[in-house]
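The chain is numbered in sequence order, starting from 1.
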Amino acid sequence: MFSPQAHNPALAAVLIFCASAFIAGTTLLAKALGTETLGPPLHPMQISHGRFLFAFVVIVAAVGVLRPQLRHPHWGLHIGRTSFGWTGITLMFASVAYIPIADATAISFLNPVFAMVLAIPLLKETVGPWRWLAAAVALTGAIILLRPTPDSFQPAALLALAAAAVIGMELIFIKKLSGRESPIQILLINNAMGLTIASIAVATVWQPPSPPQWAALAGIGFLMACAQACFVNGMARADASFVAPISYATLIFAALYDYAVFRVVPDWVSLLGSGVILTGALILVWREARARRR
């Protein structure tokens with residue numbers, strides 16, 4: 001676990017599929033906490049605090065069992081990655097309280113597109129016409145999900161769009177960190193720093209959670225830690241171009257969970273917008289796979 005593994009696409013697919021189910025589960029619990037489902041709604045910053053608190057507990061337990069060798073970290077990159085990560089997850093949790101989970105999840109798939117655009121000035125990467133086409137298609141899908149008409153515009157969808165942009169910036173820092181440090185060290189430091197930031201931010205909005213809300217907060221942290229472990233290990237066993245499309249199963253799980261708990265049925269606008277975003281994302285995955293083969 002968390003160490004170089006043999007190439008095993010079948011196991012990688014299972015792990016990424018499980019990670020998708022776990023990630024969708026965190027958004028479901030965040031929606032329950034941000035509405036009146038489990039009691040008085042909690043502020044998104046309190047929900048993200050619970051995510052980092054309980055995920056940190058799980059990861060510290062894993063470190064205690066596995067006892068990995070930890071090296072001197074690059075603190076600047078970790079601070080940047082965690083700051084953007086905390087902001088992105090807080091915005092995402094805020095959005096799902098107001099719009100369908102499937103819509104927020106679909107918009108979150110724009111983060112690789114934002115990362116691609118940001119990589120031009122920050123990483124000096126060259127973007128070809130196919131990658132620009134993928135970005136244009138995906139952004140068109142986001143505009144559809146925003147429902148930009150006076151009668152149907154969803155202002156809360158802008159929160160999910162902002163989350164995707166911020167997480168795209170986080171991906172830049174993750175890319176710079178990859179190869180420098182072990183995945184479990186990155187997860188440990190990320191969650192420790194995230195907990196510190198979240199603990200400071202939550203002080204102004206804290207309210208005593210009810211027992212069901214405590215359970216949901218613990219569930220978010222546990223599911224997020226499981227999702228990170230599955231994703232890291234899945235990526236270690238197969239090419240990114242193979243596992244990336246599988247991660248889009250998160251959208252399916254999000255729609256199923258939203259229907260099962262909140263009886264939310266995606267309308268044709270949600271289906272169309274999600275389909276357009278997935279098309280753009282798949283074009284980007286296909287183009288990256290071709291570029292690597294060359």
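- Scanning both residues, V96 and T27, for their nearest heavy atoms gives CG2-O, 3.9 Å.
- Within the 4.5 Å cutoff, no side-chain heavy atoms of R71 are placed close to those of E181.
- Note that the CG atom of L161 and the CD1 atom of I143 stand 9.0 Å from one another [nearest 0.5 Å].
- No side-chain heavy atom of F22 sits less than 4.5 Å from a side-chain heavy atom of M224.
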Candidate pair I186 and R81, rule side-chain contact (heavy atoms from CB on, under 4.5 Å), full reasoning: CA-CA 10 Å; I186 293 173; R81 182 261 169 104; 3.1 Å; yes
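- I167 and I101 are not part of a single hydrophobic cluster, where members link through side-chain heavy atoms under 4.5 Å apart.
- Looking at every heavy atom in both residues, V58 comes nearest to A225 through CG1-CB, 3.6 Å.
- Atom-to-atom distance recorded for I16:CD1 and T250:OG1 is 9.5 Å, nearest 0.5 angstrom.
- Counted by atom type alone, R131 and T126 present zero donor-acceptor pairs between their side chains at under 3.5 Å.
- The CG atom of D103 sits 11.0 Å away from atom OG of S108, with the distance rounded to the nearest 0.5 Å.
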Under the side-chain contact (heavy atoms from CB on, under 4.5 Å) rule, what do M116 and L284 come out as? Steps first, then yes or no, please. CA-CA 10 Å; M116 180 199 78; L284 187 58; 4.0 Å; yes
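- Contact of the Q228 side chain with the L187 side chain is registered, since non-hydrogen atoms from C-beta on lie closer than 4.5 Å.
- Between A165 and L118 the shortest heavy-atom distance is O-CD1, 4.4 Å.
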Please evaluate residues I172 and F84 with respect to the criterion side-chain contact (heavy atoms from CB on, under 4.5 Å), reporting the C-alpha separation (whole Å), side-chain torsions for both, the decisive distance (0.1 Å), and the verdict. CA-CA 10 Å; I172 298 295; F84 284 103; over 6 Å; no
Between K175 and E170, is the salt bridge (Lys or Arg N to Asp or Glu O under 4.0 Å) condition met? List the steps. CA-CA 9 Å; K175 190 168 185 177; E170 182 193 15; over 6 Å; no
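- To the nearest 0.5 Å, atoms OG (S247) and CD1 (I23) are separated by 8.0 Å.
- Ring geometry, Y257 versus F253: the interplanar angle falls from 30° to 60°, so the pair is classed tilted.
- Put simply, CD1 on I99 and CG on L146 are 8.5 Å apart, with the number rounded to the nearest 0.5 Å.
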Check the pair S274 / I277 against side-chain contact (heavy atoms from CB on, under 4.5 Å), numbers first and verdict last. CA-CA 5 Å; S274 300; I277 289 177; 5.8 Å; no
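- Side-chain contact check for L217 versus P209: some heavy-atom pair is nearer than 4.5 Å.
- Under the 3.5 Å distance criterion, with hydrogens and angles disregarded, no donor-acceptor pair is assigned to the side chains of H43 and Q207.
- In this structure, R51 is not positioned above the aromatic face of F54 in the sense of NZ or CZ being under 6.0 Å from the six-membered ring centre and within 45° of the axis.
- Between A164 and I107, the shortest heavy-atom contact is CB-O, 3.5 Å.
- Q185 has its side chain out of reach of L177: every pair of non-hydrogen atoms, C-beta onward, lies at least 4.5 Å apart.
- For OH of Y259, the number of neighbouring non-hydrogen atoms (other residues, nucleotides, ligands) closer than 6.0 Å is 12 at most.
- The heavy-atom pair separating A19 from F231 by the smallest distance is CB-N, 4.0 Å.
- Residues W268 and V276 share a single hydrophobic cluster, defined by chaining ILVMFWY side chains whose heavy atoms lie under 4.5 Å apart.
- Salt bridge status for R263 with D258: absent, with no side-chain N to carboxylate O gap under 4.0 Å.
- F93 and V205 fall within the same hydrophobic cluster, defined by Ile, Leu, Val, Met, Phe, Trp and Tyr side-chain heavy atoms under 4.5 Å apart, directly or through other members.
- Put simply, the side chain of P100 reaches to within 4.5 Å of the side chain of V264, judged on heavy atoms.
- Atom CD1 of residue I200 and atom NE2 of residue H49 lie 10.0 Å apart, to the nearest 0.5 angstrom.
- F114 has its side chain out of reach of M169: every pair of non-hydrogen atoms, C-beta onward, lies at least 4.5 Å apart.
- The closest side-chain heavy-atom distance from P44 to M92 is not below 4.5 Å.
- In summary, of the residues considered (I197, T196, I89), a side chain to side chain contact (heavy atoms under 4.5 Å, CB included) with F52 occurs for I89 alone.
- K176 and L122 get closest at one heavy-atom pair: NZ-O, 4.4 Å.
- Cluster annotation: I47 is not connected to L159 through the hydrophobic network of ILVMFWY side chains, with a link wherever side-chain heavy atoms come within less than 4.5 Å.
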